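Position 1 is the first residue of the sequence, and the numbers go up from there. Bear in mind the structure is a predicted one, so any value in this text is a computation, not a measurement.
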Amino acid sequence: ATGGAADQTSFFASATLNTPVTGLKLGVAYDYAGVSAQPLTGNRTAYADVIGLYLSYQLTEKLSVYGRGEYAWSDNTAAFMATKVFETTATLQYDLWKNVLSRLEFRWDHAADASAPYGGTTPGVGTKDNSYILLADFAYKF
């Protein structure tokens with residue numbers, strides 16, 4: 001469908017398991033997206049896959065920690081700015097009040113295809129194969 005609407009196919013599957021350790025949960029997920037030829041994919045068919053492993057541990061009634069690791073691959077750099085990316089995130093979450101969460105999070109992204117998509121001063125042109133992010137946020141759950 002060159003120049004027109006693209007056909008997209010998406011699949012997602014996940015599972016979360018309680019472990020024998022009180023408060024510890026394990027999750028796994030797989031995500032796939034395939035898009036037919038269109039201008040955003042260089043007028044060709046493109047795909048992207050992501051597989052992830054997740055851990056959560058409830059330390060106290062209000063304090064929990066989370067870990068996530070994901071590996072993503074694609075035939076098109078438009079999906080992740082690289083064809084292979086590894087990502088890991090560690091999160092410390094504290095429930096301040098009912099429906100109000102605070103989080104401190106560290107994330108590391110690594111281009112595993114020898115490209116350098118991160119950093120730089122020109123949009124879309126990177127100079128590094130690693131990206132590090134430290135953030136804090138507050139969230140209100142509706």
Side-chain angles (χ1 to χ4, degrees), residues 1-96 99-142:
T2 302
D7 292 326
Q8 179 171 329
T9 302
S10 300
F11 299 105
F12 176 77
S14 69
T16 303
L17 306 167
N18 290 321
T19 67
V21 177
T22 302
L24 181 65
K25 293 182 181 179
L26 172 68
V28 64
Y30 171 75
D31 205 349
Y32 168 83
V35 180
S36 66
Q38 50 132 343
L40 290 176
T41 61
N43 288 322
R44 65 184 181 87
T45 301
Y47 74 90
D49 296 88
V50 180
I51 188 160
L53 183 64
Y54 309 91
L55 289 170
S56 69
Y57 186 64
Q58 192 73 37
L59 293 165
T60 68
E61 182 181 338
K62 293 186 170 222
L63 183 65
S64 51
V65 293
Y66 300 88
R68 177 179 76 225
E70 295 176 322
Y71 179 70
W73 65 99
S74 175
D75 69 337
N76 188 329
T77 58
F80 312 113
M81 298 175 21
T83 57
K84 297 176 186 171
V85 176
F86 174 76
E87 174 273 328
T88 186
T89 302
T91 304
L92 182 65
Q93 177 177 298
Y94 186 77
D95 299 345
L96 290 172
N99 297 335
V100 178
L101 309 173
S102 63
R103 292 188 186 120
L104 181 63
E105 189 168 87
F106 175 76
R107 178 176 169 139
W108 169 51
D109 290 87
H110 173 71
D113 63 356
S115 67
Y118 310 112
T121 57
T122 304
V125 180
T127 59
K128 300 176 181 179
D129 63 352
N130 291 296
S131 173
Y132 304 96
I133 300 169
L134 179 63
L135 62 97
D137 64 28
F138 294 92
Y140 181 81
K141 297 189 312 185
F142 293 93

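Separation of atoms OH (Tyr54) and CG (Leu26) is listed at 11.5 Å; rounding is to 0.5 Å. Atom-to-atom distance recorded for Asp49:CG and Tyr71:OH is 10.0 Å, nearest 0.5 angstrom. For the atom pair OH of Tyr94 and OG of Ser64, the computed distance is 11.0 Å after rounding to the nearest 0.5 Å. Within the model, atoms CG of Leu24 and CG of Asn18 stand 9.0 Å from one another, a figure rounded to the nearest 0.5 Å. In this structure, OG1 on Thr22 lies 11.5 Å from CD on Gln58, to the nearest 0.5 angstrom. Rounding to the nearest 0.5 Å places CG of Leu63 at 5.0 Å from CG of Leu92.
The two residues Arg103 and Ala139 make their nearest non-hydrogen contact at NH1-CB, 4.3 Å. Minimum interatomic distance between Gly119 and Thr127 (heavy atoms only, all atoms of both residues): C-OG1, 3.9 Å. Scanning all heavy atoms of the two residues, the minimum distance from Ala33 to Gln8 falls at CB-NE2, 4.4 Å. Taking each heavy atom of Val50 and Ala72 in turn, the nearest pair found is CG2-CB, 3.7 Å.
For Phe138, the CZ atom counts as loosely surrounded, since its 6.0 Å shell holds 12 or fewer non-hydrogen atoms of other residues, nucleotides or ligands.
Under the 3.5 Å distance criterion, the side-chain polar atoms of Ser74 are matched with a main-chain donor or acceptor of Tyr47. Of the possible polar contacts, none joining the Asp95 side chain to the Leu101 backbone as a donor-acceptor pair under 3.5 Å is found. Panel note: side chain Thr88, backbone Arg68; a donor-acceptor pair is recorded below 3.5 Å.
Counting only heavy atoms from C-beta outward, the side chains of Phe86 and Glu70 never approach each other to under 4.5 Å. Between Leu104 and Leu134 there is a side-chain heavy-atom pair separated by less than 4.5 Å. Under the 4.5 Å side-chain criterion, counting only non-hydrogen atoms from C-beta, Asp109 is not in contact with Asn130. Contact annotation: the side chain of Tyr118 never approaches that of Asp129 to less than 4.5 Å [non-hydrogen atoms, C-beta and beyond]. Side-chain contact between His110 and Val85: absent, with no pair of heavy atoms (C-beta onward) separated by less than 4.5 Å. Here the side chains of Thr91 and Phe106 are not in contact, with every heavy-atom distance at 4.5 Å or above. With a 4.5 Å cut-off on side-chain heavy atoms, Thr19 and Lys25 do not count as touching.
In this structure, Tyr32 has its ring center no closer than 6.0 Å to that of Tyr30.
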Please step through side chain to side chain contact (heavy atoms under 4.5 Å, CB included) for the pair Tyr57 and Leu55, ending with a clear verdict.
CA-CA 7 Å; Tyr57 186 64; Leu55 289 170; over 6 Å; no

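A parallel orientation is assigned to the rings of Tyr132 and Trp108, their planes being inclined by less than 30° (bins at 30° and 60°).
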